[in-house]
Every structure is written in structure tokens, then in C-alpha cells.
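Worth knowing before you read on, the calculation uses all heavy atoms, side chains too, and leaves out hydrogens, waters and symmetry mates.
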Amino acid sequence: MPKKAAQVPFIQSLDRGLTILQAVATSKHPVNLGELAELLDVDRSSAFRLAQTLRRRGFLSTPAGRKDYILGSAIWTLSRQYDWSKMLVRVAHQELKDLAGGLNETAHLAVREGKNALFIDSVHARRVIAVAGQTGELVPMHATAHGKALLADFDDEELKDIFGASLQKFTKTTITSFPVLLKECQSIRQRGYATDEAEYMEGMRCIAAPIRLHDGSIVGSIGISAPATRFLKEHYTAHSKRVVQCAKKIGERLSITEETPDEG
């Protein structure tokens with residue numbers, strides 16, 4: 001008979017406290033005690049003790065004159081102190097190396113920085129002619145594969161909020177129309193990767209995929225860049241498969257694996 005999956009022990013009260021934080025963080029309005037009790041399937045007094053413990057440590061707060069809950073200042077403090085980019089680099093660096101080594105092309109890891117993509121890690125190809133993009137470089141999101149991968153889930157209003165009234169042109173193939181950019185974002189969602197046909201730099205071809213967490217949210221992008229004379233269009237099928245698989249692996253490592261704990 002197949003072995004039963006091992007059950008991971010857990011602390012129920014801690015699990016419930018974290019459930020409260022997730023619920024309050026994702027709610028569009030302050031969460032009252034009744035909602036917390038219903039969410040946890042406990043009585044109001046138990047929900048109150050859990051919420052007050054979190055409030056005492058600064059993870060929850062109550063708006064002036066109200067008894068419902070919002071996130072507290074401790075959440076903001078922790079998020080400000082922790083460098084998420086460094087964490088992403090630590091998790092993704094080996095995959096980045098494998099991608100660059102497997103395709104022998106320069107690979108970059110990027111996150112969003114305003115209306116730009118910021119390269120936070122890179123591994124260069126063992127080539128005489130290699131892409132010169134460096135860690136710390138900012139590139140326009142609408143004109144690069146890494147940037148467009150980061151924009152994949154954005155709608156028309158969100159795109160205009162980011163870029164303002166117009167999209168800067170860099171080459172003859174740069175996307176300068178919001179309807180075209182929106183259609184490109186929709187295509188990226190469907191196929192799972194973005195491309196750059198010399199849209200930022202003449203003679204360059206790039207491909208990148210969004211890195212998604214278990215909830216589908218995009219936290220970064222990873223991909224390769226190469227001279228178009230070497231990275232031909234017919235390479236897209238094979239290269240895109242490697243890039244998408246790489247992004248998926250990183251996303252899985254970053255995500256929480258939910259298991260059914262043994263309460264016995």
C-alpha cells in the first residue's frame with residue numbers, strides 16, 4: 001500500500017493568528033470581531049483574545065472610536081526592514097545560473113521599480129558577444145521583455161496610472177500605444193512569457209516570464225537577452241519553455257505549500 005503523507009505538526013493558536021492577519025490584510029474594510037469568529041469557527045471570546053494578542057504586539061490596530069481591526073504598525077515596520085529583493089535573489093540565483101548556462105545566454109532577474117524594471121541579479125553568457133545589462137540597471141517596462149512580464153496582469157487604467165499620458169519611444173518597434181500594450185499584456189498572460197523585438201535596443205531580442213506566487217501575484221521576472229543575429233525567432237519555442245519552467249520553479253520555492261495538518 002502507498003505510504004500516507006506525513007502530517008506536519010502545527011500550533012493551532014498561531015495558525016489562527018496568522019489567519020486573522022491574512023484576512024485583515026486582504027479585506028477592503030476594517031474587520032469586526034464577529035467576522036473573525038466566523039472565519040475561525042470559534043466563539044467571540046476566543047477570537048477577541050487572539051485579536052487582542054496581535055494588537056498588543058502591534059500587528060493589529062483599531063481605528064479611533066471603532067472596535068474593528070486593521071493592520072498595525074508592526075507590519076509596516078517589518079516590511080520596511082526586510083529587503084525582499086535580496087530574498088528573491090537568494091531563492092532564484094541558482095535557477096538564474098542554470099538558465100544562463102543551459103542556453104549560454106545572459107540571464108537577468110528583475111522586479112518592478114516605478115515604471116521601470118530593475119535588474120537585481122544577472123548571470124552573463126560565456127560568449128565573445130554578450131549582453132551588457134548589469135545588476136542595478138533600470139530599463140523601461142513597456143519596451144523590454146522583463147518589464148512587460150511584470151505588467152502582464154495590469155489593465156488599461158493601471159497602465160496609464162504607471163506611465164502617464166504617453167509611452168516613450170526608443171526604437172522603431174517600441175510599443176507607444178496603450179491599446180497595443182494592453183493587448184500585449186493579455187497575450188503574455190495567455191502564453192506565459194513576454195518578448196522584446198529590439199524594442200529598447202536595436203539588434204537585441206529578449207524573452208522573459210513572470211514569477212508568480214501560489215496566489216497568482218507577480219513578484220518578479222526572469223529571462224534571457226541576446227543579439228538577434230544569434231537569438232533567432234525560431235528559437236522562441238524552445239527558449240520560452242526553459243524560461244517559463246525556470247520562473248515556475250522560483251515561484252514554487254517562494255510560495256507556501258499548504259498541507260493538511262493532523263489535529264489529533
Side-chain angles (χ1 to χ4, degrees), residues 26 28 84-85 88 99 105-120 122 131-133 137-248 250-251:
T26 55
K28 294 181 179 180
W84 293 102
S85 293
L88 181 56
L99 181 64
E105 298 293 359
T106 297
H108 294 292
L109 179 69
V111 295
R112 181 187 164 199
E113 185 75 21
K115 60 183 180 180
N116 297 302
L118 171 66
F119 290 151
I120 59 173
S122 57
V131 177
E137 181 180 348
L138 288 168
V139 295
M141 283 200 294
H142 71 287
T144 57
H146 281 84
K148 287 188 287 183
L150 293 169
L151 292 173
D153 292 344
F154 283 65
D155 59 27
D156 185 60
E157 184 176 342
E158 291 170 328
L159 291 173
K160 290 177 180 177
D161 284 342
I162 293 172
F163 295 105
S166 61
L167 298 169
Q168 184 177 354
K169 184 174 183 178
F170 297 95
T171 71
K172 63 183 179 181
T173 55
T174 302
I175 294 176
T176 57
S177 161
F178 281 106
V180 174
L181 182 59
L182 179 62
K183 186 176 181 180
E184 180 76 357
C185 290
Q186 293 168 343
S187 296
I188 294 166
R189 286 199 299 274
Q190 292 172 358
R191 65 177 180 247
Y193 63 90
T195 61
D196 169 5
E197 288 286 338
E199 295 164 44
Y200 180 50
M201 295 179 63
E202 296 284 0
M204 297 303 301
R205 182 168 283 137
C206 313
I207 186 169
I211 299 170
R212 295 182 181 273
L213 299 182
H214 68 286
D215 62 359
S217 59
I218 296 173
V219 295
S221 62
I222 189 166
I224 59 166
S225 304
T229 52
R230 188 168 70 227
F231 184 0
L232 306 178
K233 284 189 177 183
E234 49 261 43
H235 293 151
Y236 270 144
T237 300
H239 287 6
S240 65
K241 185 176 181 180
R242 295 285 293 269
V243 170
V244 170
Q245 287 176 339
C246 184
K248 183 179 179 181
I250 297 169

Not counting sequence neighbours, which residues clear side-chain contact (heavy atoms from CB on, under 4.5 Å) with [X]? List them please.
X    : value
I162 : R112, K115, M141, L151, F154
A110 : A117, F119, H146, S221
L138 : E113, N116, L118

#### Entry: Pairs flagged by salt bridge (charged side-chain N to carboxylate O under 4.0 Å, His left out) wherever residues 160-177 is involved - sequence neighbours left out
D156-K160
### Task
Give every residue pair that meets the salt bridge (charged side-chain N to carboxylate O under 4.0 Å, His left out) criterion with at least one member in residues 174-185, sequence neighbours excluded.
K148-E184, E184-R191
With a 4.5 Å cut-off on side-chain heavy atoms, are [Y] and [X] touching?
X    : Y    : value
L88  : I120 : yes
I188 : Y193 : no
D196 : M204 : no
R189 : D153 : yes
H239 : I224 : yes
I175 : E199 : yes

### Distance-only polar pair, side chains of T174 and T176, donor-acceptor under 3.5 Å
no
### Task
For E158, check salt bridge (Lys or Arg N to Asp or Glu O under 4.0 Å) against everything at least two apart and list the hits.
none
Calculate, to the nearest 0.5 Å, the distance between atoms [atom1] and [atom2] belonging to [X] and [Y] respectively.
X    : Y    : atom1 : atom2 : result
H142 : L150 : NE2   : CG    : 14.0 Å
S240 : Q245 : OG    : CD    : 9.5 Å
C206 : E105 : SG    : CD    : 10.0 Å

### Query
Which heavy atom in A198 sits nearest to a heavy atom in G203, and how many Å separate them?
CB-N, 3.8 Å
### Message
On a heavy-atom basis, which atom in L99 and which in A107 lie closest, and how many Å separate them?
### Response
CD2-CB, 4.2 Å
### Task
Kindly determine whether I211 and I218 satisfy side-chain contact (heavy atoms from CB on, under 4.5 Å), including the steps that lead there.
CA-CA 6 Å; I211 299 170; I218 296 173; 5.9 Å; no
### Task
Assess whether side-chain contact (heavy atoms from CB on, under 4.5 Å) is satisfied between I222 and I250, documenting all intermediate values.
CA-CA 9 Å; I222 189 166; I250 297 169; 3.6 Å; yes
### Task
Report, as yes or no, whether the 6.0 Å neighbourhood of atom CD on E157 holds more than 12 heavy atoms from other residues, nucleotides or ligands.
no
### Task
Measure up the Y236 and F231 rings against each other and bin them: parallel (under 30°), tilted (30 to 60°), perpendicular (over 60°).
perpendicular
### Query
Run the side-chain contact (heavy atoms from CB on, under 4.5 Å) check on K233 and E197 step by step: do they pass?
CA-CA 9 Å; K233 284 189 177 183; E197 288 286 338; 3.7 Å; yes
